[in-house]
Amino acid sequence: MSAPMKQSQADILSRLYDMKRKQIENALQQGNSFRCQVLEAEAEAISSALKSVR
């Protein structure tokens, strides 16, 4: 994969991760522990994908 393509994927994944963290914060404020668990799992998957692209 070309360097610009990797950077583009990294940028997208980084934005997705940031949005997911905000969703987690909102779920925490609402006291929704199950939603927090699901969002944490999603954030972890995004983080793993981001690490593999870099």
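Proximity of a side-chain donor or acceptor of S47 to a complementary backbone N or O of A43 within less than 3.5 Å is not detected.
When each of D18, L28, V38, L39 is checked for a side-chain contact (heavy atoms from CB on, under 4.5 Å) with Q23, only L39 meets the rule.
We find that E40 and R35 are not joined by a salt bridge, their nearest charged nitrogen and carboxylate oxygen being 4.0 Å or further apart.
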Candidate pair K20 and L16, rule side chain to side chain contact (heavy atoms under 4.5 Å, CB included), full reasoning: CA-CA 6 Å; K20 195 60 60 179; L16 283 173; over 6 Å; no

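From Y17, atom OH reaches atom NZ of K22 across 13.0 Å, with rounding to the nearest 0.5 Å. Rounding to the nearest 0.5 Å gives a distance of 13.0 Å between CD of Q9 and OG of S14. The CD1 atom of I12 sits 10.5 Å away from the CD atom of Q7 when rounded to the nearest 0.5 Å.
The same ILVMFWY cluster, assembled from side-chain heavy atoms under 4.5 Å apart, contains both V53 and I46.
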